[in-house]
Amino acid sequence: MKPAITYELIHKCKQTGARRGVIHTPHGDIQTPVFMPVGTQATVKSMTPDELKNEIDAKIILANTYHLYLRPGEEVIKEAGGLHKFMNWDRAILTDSGGFQVFSLSGLRKITEDGVEFRSHLDGRRIVFTPESVMHTENILGSDIMMAFDECCPYPSTYDYTKKSMERTTRWAQRCKAAHERPEEQGLFGIIQGGFYKDLRERSARDLIKLDLPGYAIGGISVGEPKEEFLEMLNFTAPLMPEDKPRYLMGVGSPDYLIEATMAGIDMCDCVLPTRIARNGTAMTWNGKVVVRNATYEKDWGPLDPECDCYTCRNYSRAYIRHLVKCKEILGVRLLSIHNLYFLTKLMERVRMEIENDNLGNFRKEFYKKYGYDTKE
RNA sequence: GUGAGUAUAGCGUAGCUGGUUAACGCGCCAGUUUGUGGCACUGGAGACCCUGGGUUCGAAUCCCAGUACUCACC
């Protein structure tokens, strides 16, 4: 049986160890490292699939099992012929399992060995997610990469709680693998947990790797901890992951975190950040963050980012975008989303090139200086 | 012209049985945002309470006059 998802390592940066590779999926190849835009409810907020392809050239996007299970529900997506057809996206899709909602909706759920009972955030009705039910839903969604059902632990959590949670997540991953109905069409990724305890991370990785899944993710970091702790866990956990499979760091999307992740040997990241800050009037640029909502841009006739050639930057001024944002016009959100997604896509394209040239370390230094980050080694 | 009413932050209003830093919404200014419970959240600036006089220990609040606006009637 040929697995749905395979990874090909092309080059390792001699300066940093970062990986340059390709992920093969049933809906196309993905050059890595890659940033994946998030489209929780089967839409990257405010973007048409056409724009994602032609303006941004995203190769893969995320969707969310919990949200789509609630609305529109499995029946609708099944009848549509799967998520790709439903949303008119013919490139790759990765579905998150609802594990993050175990964390983000912590006030609305109860965890047992069997699974998680949520109270729907929409109408309060009781719904039960088990590893088996989540696999069933993700099979119906038909994503190229399905994430195993896990628990994303809050920060901070006690050692004892984190250990129990991690062990349960591992058992759930085993159940997910057993319940997965179409391994030849959809790849199931395991999620390494273990909070901020190295021995737990090590155990989690070791036990999940035994399942021989086609890819692995680091979950449960970037949940509000200080940056040093994030880096510590990232750099400890990434090397535990298989060399011959995609390595996915979940929930990371600021430029510095993306670069640090890449240097740690991560291949895939996703984040709501670019689209979320777009909705609140902020752009990421090669010269740092630009809160275009601010008054200083009232009569700024230049583009958001002078070094960017995205649709937004080719055609619109900061003054105009600020106007749209201040008026809460939809176009403001759209133009900023296009730019931010394009920016991160281009950043990763650049990162890939620097890896090939064994120059990522130098690039990091330069980029941080320009962007306004500390370059503490 | 007569009568009645209203005048409080840029705008719309609350406070008016007199009592320490005059409240709220919008707007304005800024910060946050990292597997999306979000066009969200958190802060901040901004008012000689229309003017003048009076009563009182004390007035946005009560009284008088003026001014402006609103409505009704002639």
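Atoms considered below: every heavy atom in the structure, side chains included; atoms not considered: hydrogens, waters and symmetry mates. Convention: sequence-line order gives letters A, B, ...; per-chain numbering from 1. The structure presented is a predicted model; accordingly, all values stated were derived computationally and were not measured.
With B:rC29, B:rG35, B:rU36 as the candidates, the nucleotide lying closest to the side chain of A:Ala295 is B:rC29. Closest to the side chain of A:His121, out of B:rG38, B:rC28, B:rU36, is B:rG38. Among B:rU33, B:rG27, B:rG35, the nucleotide with an atom closest to any side-chain atom of A:Lys328 is B:rG27.
Comparing the P positions of B:rG66 and B:rA4 gives an interatomic distance of 13 Å, to the nearest angstrom. Across B:rG15 and B:rA23, the matching C1' atoms stand 7 Å from one another, rounded to whole Å. Of the P atoms belonging to B:rU42 and B:rG25, the separation is 11 Å, rounded to the nearest Å.
One atom, CG of A:Leu122, and another, P of B:rG37, lie 11 Å apart when rounded to the nearest Å. The NZ atom of A:Lys45 sits 13 Å away from the P atom of B:rA40 (whole-angstrom rounding). Here B:rU32 presents its P atom at 9 Å from CZ of A:Arg293, a figure rounded to the nearest Å. Put simply, CZ on A:Phe129 is 12 Å from P on B:rG37, counting in whole angstrom units. Straight-line distance from the CZ atom of A:Arg276 to the P atom of B:rG35: 6 Å, rounded to whole Å. At whole-Å resolution of the value, CG in A:Leu336 and P in B:rU33 are 17 Å apart. The interatomic distance linking A:Ile266 (CD1) with B:rG35 (P) rounds to 15 Å, in whole Å. Nucleotide B:rU36 holds its P atom 15 Å from the CZ atom of A:Arg71, rounded to whole Å.
As the counterpart of B:rA23, B:rU13 is assigned, both hydrogen-bonding distances of the Watson-Crick or G-U wobble pattern falling under 3.5 Å. Base pairing analysis places B:rG1 opposite B:rC73; the two distances defining the Watson-Crick or G-U wobble pair are each below 3.5 Å. In this structure, B:rG35 makes no Watson-Crick or G-U wobble pair, since no nucleotide meets both defining distances under 3.5 angstrom. For B:rU55, there is no paired base (Watson-Crick or G-U wobble, both distances below 3.5 Å). B:rC29: Watson-Crick or G-U partner is B:rG43, with both key distances under 3.5 Å. Base pairing analysis places B:rC50 opposite B:rG66; the two distances defining the Watson-Crick or G-U wobble pair are each below 3.5 Å.
Between A:Tyr342 and A:Asp309, the side chains place a donor N or O and an acceptor N or O closer than 3.5 Å (distance only, hydrogens not considered). A:Tyr320 and A:Asp300 are not linked by any side-chain donor-acceptor pair at a separation below 3.5 angstrom, with hydrogens and angles left out of the test.
When heavy atoms are screened at a 4.0 angstrom cut-off, A:Thr282 is found touching base atoms of the nucleic acid.
One finds no side-chain N or O of A:Asn294 lying less than 4.0 angstrom from the OP1 or OP2 phosphate oxygen of B:rC28. Using a 4.0 Å cut-off, no side-chain N or O of A:Lys289 falls inside it from OP1 or OP2 of B:rA30. In this model, the phosphate group of B:rU36 is approached by a side-chain N or O of A:Asn64 to a distance below 4.0 Å at OP1 or OP2. Contact annotation: A:Arg322 side-chain N/O to B:rC29 OP1/OP2 distance is under 4.0 Å. Distances shorter than 4.0 Å separate some side-chain N or O of A:Lys326 from OP1 or OP2 on B:rC28. Regarding contacts with the backbone of B:rG35, every side-chain N or O of A:Gln101 stays at 4.0 angstrom or more from both OP1 and OP2.
A:Asp305 places no side-chain N or O within donor-acceptor distance of the main-chain N or O of A:Cys313, the cut-off being under 3.5 Å.
Nucleotides of RNA chain B nearest to A:Ile277 and A:Asn280 differ in position, and the one nearer the 5' end is that of A:Ile277.
Residue-to-nucleotide contacts include no donor-acceptor pair under 3.5 Å from the side chain of A:Ser104 to the base of B:rU36.
Going from atom CG of A:Asp267 over to atom CZ of A:Arg20 covers 10.5 Å, rounded to the nearest 0.5 Å.
Salt bridge A:Glu75/A:Lys78: absent, no basic N to carboxylate O contact under 4.0 Å.
Looking at A:Trp286 and A:Leu347, their side chains come closer than 4.5 Å, going by heavy atoms from C-beta outward.
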